[in-house]
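Reckoned from all heavy atoms, side chains included, excluding hydrogens, waters and symmetry mates. Since this is a predicted model, take the numbers as computed values, not measurements. Proteins come first, then strands; the chains are lettered A, B, ... in the order of their sequence lines, and each starts at number 1.
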Amino acid sequence: MLSRLINGARVSLFAISMVLASALLIGVVIGSLAGYVGGKVELVLISAIDIVLSLPSLIVALAFIGIFGPGYWSMIAALTMAWWANYTRMSRSVVASELHQPYIGAARIMGAGHVRIFSRHILPYVLALVVVYASADSGALVLAITTPSFLGLGVEPPTPE
Amino acid sequence: MLKLFTRRTALAIGMILAASALTFATIAAAPGNVAALMAERVAGPSASAELVAQIEDELGLNDPLPVRYVRWLGDALTGYLGISLRFGKPIGQEFAERLPITATLLIWGGVIVFFLSLLVGFAGAISNGGWIDRLLRAFSLLAASPPNFFVAALLVILFSVTLGWLPAFGGAGVASRIMPCLTIALFPDAVLSRVVRVGLQEVMARPFATTGFAKGYGRSGVLLREALPNIAVPYLTTFGAQFILMIIGSIVVETVFALEGVGAFFIEAIRFRDFVSMQAILLTFIVFIVFVNLFVDLLCMLIDPRIRRQKNAYPEKIAVAGDHPCGPVHLDRHSRSVDQPL
């Protein structure tokens, strides 16, 4: 029983880290690009994010499990699709407010290109904030993983979780 | 005010269209051919390619995506949602059988949540830090922490196995609905009783509460007359959000208690890759969510005149391409970061 618990913890923790890593990757990249570029691109993306976020995340996750089929990796993919929108919105707002700061203007005057400004000045700040939020979010993610697994749509039966 | 109402309703309809288009496109892009699945059901595992092509033609699966979407939406509006791949029955008929069960769960769960959260929050506010307050808060937290299937299992062990009072699964009648409704209601109740409790505490700190005391009312009198109406708007907004989350609760609870509702239908559709049913159920969820949000927003507009008077409640103009949302970068002394500490 104890060994099953330990094994299950390993399975769960791996799933959580995979979901968080992919959701952060997708979310931060898309969100900060949207915030940096601005204009129509940002508008379209924000509308899409708002629509995706209007549905409860578990329903989105279950729908994607339905699309990919039941299974461990499809559950991870489905939860990633449900989780990325929040990080996108957050990173977009952080980037949009950071671009207002004078040090960005100073960097631009000194001749820094877009890539340098983004990677050197903005990205570390965004990552710091979003990663802290994500680590707090991981509690909700644990519970979100248990529900599809309970319904039989996550891991296959002999695997502990 | 009518203008605000119509604008909000138009926004809701736009949301339904956009969300349903997104879900339709996502599910249509799913791997797995609906026509092949249907051919398999009709002719067995070795269905011929001509049969698949014929079914594709009949269902119009070869048309471009927007055409399929408009046709699907038009059909859904007139009541035809398709034939379920899993059960072979028209989905509308399946809904007609399953909706009453889910509706019973949600409505009674909502009623329990409403009265229980107001009661618990109010009792906590009257007690105000006393033992009742602390006990209620601890109990709410305890009841809401585990995932709802765990709470459901505990309730089943307590009431069905040990005490034998309530049936463990299935069935009709009031007794079989008590435990499911209670399970769905526990988490929203914890959230909402906290909203009530904190809201009342915050309102009691305002000057008009002191006026209420000066008029001669006791603590419960002031709470009832002055404080309670003031928490109406945040309470209703949170209630709407939690009511929507109760769909998820109902999905799990219907599976645990073997009730044949819309949630169980959704799980069956997922398990058997029934894309047609999944589209129909997701459309139902979207419409439900948008309507609950719309209803809550309209109710709040009705109750609170301050919301009606907000000029920028719904922006007239959206950002034009070429504007940066933050405007040009300022380098003078009045920049935000110079004046304010980090």
Using only heavy-atom distances, determine whether the side chains of [X] and [Y] contain a donor-acceptor pair under 3.5 Å.
X      : Y      : answer
B:T23  : B:Q279 : no
A:Y125 : A:Q101 : no
A:N7   : A:R4   : no

For [X], is it the side chain, the backbone, both, or neither that has a heavy atom closer than 4.5 Å to a heavy atom of chain B?
X      : result
A:L153 : side chain
A:L143 : side chain
A:F68  : backbone

Exercise. Report the option among A:L58, A:L62, A:D50, A:T147 that has the most heavy-atom pairs separated by less than 4.5 Å from atoms of chain B.
Key: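 Of A:L58, A:L62, A:D50, A:T147, A:L62 has the most heavy-atom pairs under 4.5 Å with chain B.
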Self-check item: Residue among B:I248, B:I281, B:N293 with most heavy-atom pairs under 4.5 Å to chain A
Solution: B:I248
Quiz item: Do you know which of B:I244, B:N148, B:T26 has the most heavy-atom pairs under 4.5 Å to chain A?
Solution: B:T26
Quiz item: Under 3.5 Å, side chain of A:Y72 to main-chain N/O of A:V11, donor-acceptor pair present?
Solution: yes
Quiz item: Under a 4.5 Å heavy-atom cut-off, does chain A meet the side chain of B:L245, its backbone, both or neither?
Solution: side chain
Practice problem: Would you confirm whether the ring centroid of B:F266 sits within less than 6.0 angstrom of the ring centroid of B:F285? | Solution: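 Ring-ring flag for B:F285/B:F266: true, centres closer than 6.0 Å.
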Quiz item: So does B:R194 have more than 12 non-hydrogen atoms from other groups sitting under 6.0 Å from CZ?
Solution: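 No, the 6.0 Å shell around CZ holds no more than 12 heavy atoms from other groups.
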